[in-house]
Every structure is written in structure tokens, then in C-alpha cells.
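Position 1 is the first residue of the sequence; numbering continues from there. It should be emphasised that the depicted structure is a prediction, and the values quoted were computed from it without experimental measurement.
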Amino acid sequence: YFFLSLSSSSSSTPELEGRGGEELGTDIANTLYRVFSCESSVDLKSLCINPREHCWVLYVDVLLLEFGGNIFDAISLAVKAALFNTRIPKVRVLEDEEGTKEIELSDDPYDCIRLNVEEVPCIVTLSKIGYRHVVDATLQEEACSLASLLISVTSKGTLTSMKKVGKGSLDPESIFEMMETGQRVGKSLHIALQKILDEEESLGSSRPKVGFLG
């Protein structure tokens, strides 16, 4: 199972304060859940311990510290990076003569499995401005846009989901153009992100720790 929740700092932005902030946060969380919870994104079989009895549950908690445009894009990159760094301890299911099953966790912290994140998508937000569209819009560009398209793309360029946001409309021709741009940009995002993740992993124990891990 895969669950994703979202919360925000009280000082992150006025847009996330009060009931309006709750509705916005719920909408963001629901959109992200639809993107990442599909079977093609995460291999749920790898989370199975004992069929129909026991399984690992993944919880992804997102904390917004600042709200400044393209929030879906930033969160999707963070989620994929977190899943890439996830280690799941190996366990064995032992059964006695009476049929009672017991789960035994390995004592070796390095005895673990990793998730395959090749199909985990990244989100690309494309904002329509006039007859054109832009990627990674600034606050000024967002203010000029009445409609945006959220596109989730895998590392192979496969489009897994799409959602229109904003009060404006999008004509079919614009949607197809934005889809093509989103797929191209999405593949580039995956390549850049994977390069950074591989570089950090190659540092091993010498990798600098930040935040509460420091």
C-alpha cells in the first residue's frame, strides 16, 4: 500500500491559511495520490511479505515550507528521490506446527531491498499564456495564465495522468502541444534527477548530512 499526506508550515504562504488552505492542501494531496498510487508507478508486489496477510505500507509525508509556483513539479521530484533512497528490511515468515505464522526481521541493517523507481513519474506544469505555454512559470507568468495542465511523465516519456487546473479553457490543439512539451521536459527532468541521486549515492558514508540527520 502507498499513502501520501501533505501539511504546510503556518508561515509558508497566506494561500495555505484557514479553510482555503485546507481545501487547497486537500486538492494537492488528492492529485498527488492519484499520480503516485497507480500500480504502474510503484511495484506493489515488492511490498508483499505474505500474500493476503502481511505487507509493507509506504507513507510519504510532504511538508510545505514555501509556496511559490510549480508546487506539483517540486513535490514529485522530492517523492521520487525519497522512494529512491528508501530501504525495506528483509523479513522471513516462519510457521510453526500449529500453523501460526511469525514475522522475523533481519538484524543486519544492510540486509534490505530497494524499490524500483523507473516508473515513478515526475510532474510537469505547463501554463497557458495567450496562444503559447510556458514551463516552470514565474509568479508574474502565473498571474497571466488562466489555465494550466499538469502532466505526469515516466522516465521513458510515458504519460500516466493529466489534469487541467485554473478557470480558463484549453483547446484540443493547445492540449496536444502541451502534452508533447510535457513529455520532452519530463524525460529531461528524470535524467537530471537520476544523475544527482547517483552522484550522492556514490559518496557513500562521506555524503554530508543535513537537517535533523546532521
Side-chain angles (χ1 to χ4, degrees), residues 4 6-9 11-17 20-38 40-41 60 62-84 117-199:
L4 189 147
L6 182 142
S7 59
S8 63
S9 168
S11 60
S12 59
T13 177
E15 294 179 354
L16 292 174
E17 295 180 356
E22 293 179 3
E23 294 177 355
L24 178 59
T26 300
D27 180 60
I28 294 173
N30 289 340
T31 299
L32 293 170
Y33 180 78
R34 286 195 296 269
V35 170
F36 292 106
S37 64
C38 62
S40 59
S41 295
V60 179
V62 179
L63 173 62
L64 299 182
L65 298 178
E66 187 175 355
F67 190 98
N70 295 305
I71 187 171
F72 293 97
D73 306 28
I75 292 177
S76 69
L77 292 173
V79 170
K80 181 170 182 177
L83 293 176
F84 176 82
V117 298
E118 289 186 2
E119 297 300 320
V120 175
C122 285
I123 299 176
V124 179
T125 301
L126 302 106
S127 303
K128 181 72 180 297
I129 301 177
Y131 296 101
R132 302 294 181 182
H133 57 269
V134 297
V135 179
D136 194 19
T138 64
L139 292 177
Q140 292 80 4
E141 290 169 337
E142 283 187 341
C144 299
S145 176
L146 295 178
S148 298
L149 198 63
L150 306 180
I151 297 177
S152 60
V153 185
T154 67
S155 59
K156 297 179 181 179
T158 302
L159 192 153
T160 60
S161 67
M162 183 170 59
K163 178 182 179 181
K164 186 191 81 69
V165 296
K167 299 179 180 179
S169 60
L170 295 172
D171 59 274
E173 184 177 352
S174 295
I175 292 176
F176 287 125
E177 291 178 355
M178 295 167 81
M179 288 171 59
E180 291 179 354
T181 301
Q183 288 177 297
R184 184 173 66 253
V185 173
K187 291 177 68 175
S188 300
L189 274 178
H190 280 286
I191 293 174
L193 175 62
Q194 193 61 50
K195 180 181 179 181
I196 292 175
L197 293 175
D198 291 338
E199 289 176 353

Take V79 and L32 through the side chain to side chain contact (heavy atoms under 4.5 Å, CB included) test and state the conclusion after the steps. CA-CA 10 Å; V79 170; L32 293 170; over 6 Å; no

Contacts of K80 that satisfy salt bridge (Lys or Arg N to Asp or Glu O under 4.0 Å) - sequence neighbours left out: none

Minimum-distance pair of heavy atoms, taken over all atoms of A137 and N70: N-ND2, 3.2 Å

Residues two or more places apart in sequence or in another chain: which of them pass salt bridge (Lys or Arg N to Asp or Glu O under 4.0 Å) with E118? none

Nearest heavy-atom approach of K187 to T154 is CG-O, 4.4 Å

Worked verdict on S148 versus T125 for side-chain hydrogen bond (donor to acceptor under 3.5 Å, both in side chains): CA-CA 7 Å; S148 298; T125 301; over 6 Å; no

To the nearest 0.5 Å, atom CD1 of I196 lies from atom CZ of F84 at 12.0 Å

Between S76 and P121, is there a side-chain heavy-atom distance shorter than 4.5 Å? no

Identify the two heavy atoms, one from I129 and one from S145, that lie closest to each other, and give their separation to 0.1 Å. CG1-CB, 4.0 Å

Hey, are the side chains of E119 and K156 touching, using non-hydrogen atoms and a 4.5 Å cut-off? yes

Can you tell me how far the OG atom of S127 sits from the CD atom of E141, to the nearest 0.5 Å? 8.0 Å

The single option from T160, T158, T31 passing side-chain hydrogen bond (donor to acceptor under 3.5 Å, both in side chains) against S152: T160

CG/L193 to CG/D198 distance, rounded to the nearest 0.5 angstrom? 9.0 Å

Start with the C-alpha gap between I151 and L159, add the side-chain angles, then the distance that decides, and say whether side chain to side chain contact (heavy atoms under 4.5 Å, CB included) holds. CA-CA 7 Å; I151 297 177; L159 192 153; 3.6 Å; yes

Close side-chain approach of D136 to D73, heavy-atom, < 4.5 Å: no

Taking all non-hydrogen atoms of both residues, which atom of G182 and which atom of V124 are closest, and how far apart? O-CG2, 3.7 Å

So do L77 and C122 actually touch side chain to side chain, heavy atoms under 4.5 Å? yes

In short, G166 meets K164 closest at the heavy-atom pair O-NZ, 2.7 Å

Hey, could you give me the CG/NZ distance between L149 and K163, rounded to the nearest 0.5 Å? 11.5 Å

Identify every side-chain donor-acceptor pair in residues 172-180 under 3.5 Å, counting partners at least two apart or on other chains, and give the distances.
| from | atom 1 | to | atom 2 | distance (Å) |
| --- | --- | --- | --- | --- |
| S174 | OG | K128 | NZ | 3.0 |
| S174 | OG | D171 | OD1 | 2.7 |
| S174 | OG | D171 | OD2 | 3.2 |

